[in-house]
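As a basis for the values below, the full set of heavy atoms in this structure was taken, side chains included, without hydrogen atoms, waters or symmetry mates. Chain letters run A, B, ... following the sequence lines, proteins first and then strands; every chain starts at 1. Everything numeric in this text was worked out from a predicted model, so none of it was measured.
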Amino acid sequence: MQAQTLKGFRDFLPTDMAPRQAMVRRIEVVFETHGFSPLQTPALEYLETLTGKYGDEGDKLLYRFTDHGDRQVALRYDLTVPLARVVAQHRAQLQLPFRRYQIAPVWRADKPQRGRYREFVQCDADICGADSALADAEVLVAGLSVLRSLGVEQAQMHLNHRDILFGILRLCNVPHHPAQIACIRAIDKLDKLTPAAVVEEIVQQADLPADQAQAVVAAFAAGWPLSHWQQQALDAADLPMQAAIERVAAVINLVTAAGLDRWLAFDCSIARGLDYYTGIIYETRLTDPKVASMGAVMSGGRYDGLIGLFGKEKIPAVGISVGLDRLFAALYELGLVRTDSAQVPIYATVLQPELAGAVLILVQGLRDHGWRAEIDTLGGKVGKQFERAAKRGARLALVLGPDEQAAGTVVVKDLRQSTQQSVAQTQLAAVVAAILRPQ
RNA sequence: GUGGAUGUAGCUCAGCUGGUAGAGCGCGGGAUUGUGGAUCCCGAUGUCGAGGGUUCAAGCCCCUUCAUCCACCCCA
């Protein structure tokens with residue numbers, strides 16, 4: 001039989017898994033300190049729970065099948081729709097606003113490529129039951145704090161609002177919905193294609209005359225500040241657009257107050273594909289050229305209509321999703337990941353099988369103090385055992401032979417400095433602490 | 001779903017116009033049996049992704065298939 005993983009699926013060996021886990025723990029801490037509580041939901045959902053929430057493309061990418069009881073099921077595609085289901089289903093037990101975080105794998109039957117996998121982990125934080133600008137800002141603050149806590153400096157969060165998008169299109173006299181959607185799709189590519197190519201795409205996909213398509217691209221590509229659109233919305237008496245602009249401005253002010261605005265920028269060309277977004281939307285990319293092609297690492301938005309699809313009550317919600325795998329891959333390429341966390345700092349050798357028990361007693365004593373310690377389980381020559389100790393990345397090796405045992409001592413060898421000392425067994429923990437945790 | 005590239009020892013790769021496989025790293029053993037990461041010596045390893053075809057002969061040519069990577073679509 002051939003040992004192999006499925007296309008787009010991966011194993012994580014300890015050298016990768018240990019730092020990954022460390023990263024997850026950091027994110028958990030950030031979310032928890034921001035007042036979000038953990039939630040877990042099943043990997044599998046009823047197919048109908050998931051279909052129709054992500055748009056046609058999303059529906060195609062659902063991993064779906066029929067289970068043994070002839071039920072149509074699907075692996076979750078994201079964490080947001082299951083959250084909406086949970087809020088509707090357990091409405092009575094939840095106090096609103098409900099702030100939850102969830103760090104879990106999701107599955108998409110996509111074609112794998114750089115920074116894209118079929119199984120990947122999302123780290124979501126959402127607030128359900130609050131439609132305020134402060135709720136939007138809280139979620140952004142949590143997400144940006146994650147980046148800060150991971151040491152990411154070169155990133156840019158692009159902020160936009162669905163109603164600004166549609167408002168600009170109305171200003172350009174593109175009132176029909178299908179044409180608007182086509183325009184938005186094309187506009188979203190402004191960062192990849194030339195303006196002329198985007199014009200061409202609009203002409204083709206939205207069926208607009210060339211001069212109008214040109215006007216649309218010009219409007220979006222100019223990089224106008226929020227104030228420009230505010231004036232435009234006022235002049236056109238476009239109330240939804242005015243409200244959207246006020247909302248975005250309010251959110252930016254709040255994030256600025258939190259001291260996290262250095263990553264933030266209004267960008268009217270951000271579109272977001274997932275169908276359920278209704279308000280503010282955002283997308284974060286890393287700006288270091290080495291990893292910029294990796295795609296968005298953190299995005300989300302407001303989805304006030306989604307929870308209502310699962311019950312009679314309409315509950316507004318806003319959330320953010322951190323892409324753990326992309327972020328990890330990027331940090332790895334940027335050299336910001338320490339790969340030594342899979343190693344063990346203390347390695348106890350066993351010179352004679354009869355002394356294994358005595359060694360184990362010492363090792364257990366260290367473990368009780370919280371030290372990560374490994375005992376050699378293969379035996380053989382001391383030289384070999386030291387070699388294994390070094391390969392495990394151990395800083396200290398313990399040696400306990402008959403002489404030491406008789407004297408109630410143990411040899412502590414510093415593998416990095418090639419020095420060693422004989423210490424009383426009762427002093428072992430103190431000596432280890434002095435070496436591994438100076439000061 | 002569309003297009004492009006690649007697939008040779010555990011890893012990174014070499015292999016000239018077809019003549020039955022190499023290097024580095026790594027790995028295993030050793031240098032008077034209670035001290036490693038340096039050095040030196042010795043050693044093993046591959047149905048050359050898989051299947052078929054052309055040929056006296058294929059890792060190298062042709063077809064098929066699978067896998068991986070990259071781009072598009074979409075997205076984390």
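- Of the residues near RNA chain B, A:A296 and A:V382, the one whose nearest nucleotide (by heavy atom distance) lies more toward the 5' end is A:V382.
- Using modelled atom types and a 3.5 Å distance limit, the side chains of A:T284 and A:Q156 yield no donor-acceptor pair.
- Comparing B:G36, B:A76, B:G34 by their closest approach to the side chain of A:D110 singles out B:A76.
- The side chain of A:S321 places no N or O atom within less than 4.0 Å of a non-bridging phosphate oxygen (OP1 or OP2) of B:A76.
- Taking the six-membered ring where tryptophan is involved, the planes of A:F31 and A:Y101 are tilted, since the angle between them lies from 30° to 60°.
- Here A:R20 pairs with A:D325 in a salt bridge; the nearest charged N to carboxylate O distance falls below 4.0 Å.
- The distance between atom OH of A:Y347 and atom P of B:G37, rounded to the nearest whole Å, is 15 Å.
- Atoms CG (A:L351) and C1' (B:G36) sit 14 Å apart, rounded to a whole Å.
- Atom-to-atom, CG of A:D124 to C1' of B:A76 comes out at 10 Å; the value is rounded to the nearest Å.
- You cannot call A:F386 stacked on the base of B:G37; the centres under 5.5 Å and planes under 30° rule is not satisfied.
- When all heavy atoms are compared, the tightest approach of A:I270 to A:H158 is CG1-CB, 3.3 Å.
- The side chain of A:R108 lies closest to B:C75, out of B:G34, B:C75, B:G36.
- Scanning atom types as modelled, no donor and acceptor separated by under 3.5 angstrom connect the side chain of A:T349 and the base of B:G34.
- Comparing B:C62 with B:G43, their P atoms are spaced 39 Å from each other, to the whole Å.
- A:Q122 and A:Q102 are not linked by any side-chain donor-acceptor pair at a separation below 3.5 angstrom, with hydrogens and angles left out of the test.
- Aromatic rings of A:Y303 and A:Y276 (six-membered ring for Trp) have centroids within the 6.0 Å cut-off, being under it.
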(request) Please test A:I168 against A:M241 for side-chain contact (heavy atoms from CB on, under 4.5 Å), starting from the C-alpha separation and ending with a verdict. (result) CA-CA 8 Å; A:I168 295 176; A:M241 188 176 178; 3.8 Å; yes
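- Residues meeting the salt bridge (charged side-chain N to carboxylate O under 4.0 Å, His left out) test with A:K391, sequence neighbours left out: A:E387.
- What separates CG of A:L62 from P of B:C75 is a distance of 14 Å, to the nearest Å.
- Pairs of Watson-Crick or G-U wobble type, with distances under 3.5 Å, assemble into runs of 3 or more in RNA chain B at these ranges: B:1-7 with B:66-72, B:10-13 with B:22-25, B:27-31 with B:39-43, B:49-53 with B:61-65.
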Per-pair distances, 0.1 Å, donor-acceptor, side chain in residues 81-88 of chain A, under 3.5 Å, sequence neighbours excluded:
unit_1	atom_1	unit_2	atom_2	d
A:R85	NE	A:Q89	OE1	2.9
A:R85	NH1	A:E45	OE1	2.9
A:R85	NH1	A:E45	OE2	2.5

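- Atom CD of A:E404 and atom P of B:U35 are 12 Å apart (whole Å).
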(request) At under 4.0 Å between heavy atoms, which parts of nucleotides 67-72 of chain B does protein reach? Answer with one letter per nucleotide, 5' to 3': B base, S sugar-phosphate only, - none. (result) -S-SBB
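- Using a cutoff of 4.0 Å between basic side-chain nitrogens and carboxylate oxygens, A:D110 and A:R118 are not scored as salt-bridged.
- Qualifying salt bridge (charged side-chain N to carboxylate O under 4.0 Å, His left out) partners for A:K7, counting only residues two or more places apart in sequence or in other chains: none.
- Residue-level contact check: A:Q417 touches neither bases nor backbone, having no heavy atom under 4.0 Å from any strand.
- If you measure from atom OH of A:Y54 to atom C1' of B:C75, you get 13 Å, rounded to the nearest angstrom.
- In this structure, A:Q385 places its CD atom 15 Å from P of B:G37, rounding to the nearest Å.
- In this structure, A:R108 CZ and A:L75 CG are separated by 12.5 Å, a value rounded to the nearest 0.5 Å.
- For the pair A:Y282 OH and B:A76 C1', the computed distance is 14 Å after rounding to whole Å.
- An OP1 or OP2 oxygen of B:C74 is reached within less than 4.0 angstrom by a side-chain nitrogen or oxygen of A:R185.
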Sort me out a list of protein N/O and nucleotides 28-33 of chain B N/O pairs below 3.5 Å, or just none if empty.
unit_1	atom_1	unit_2	atom_2	d
B:G29	OP2	A:K384	NZ	3.2

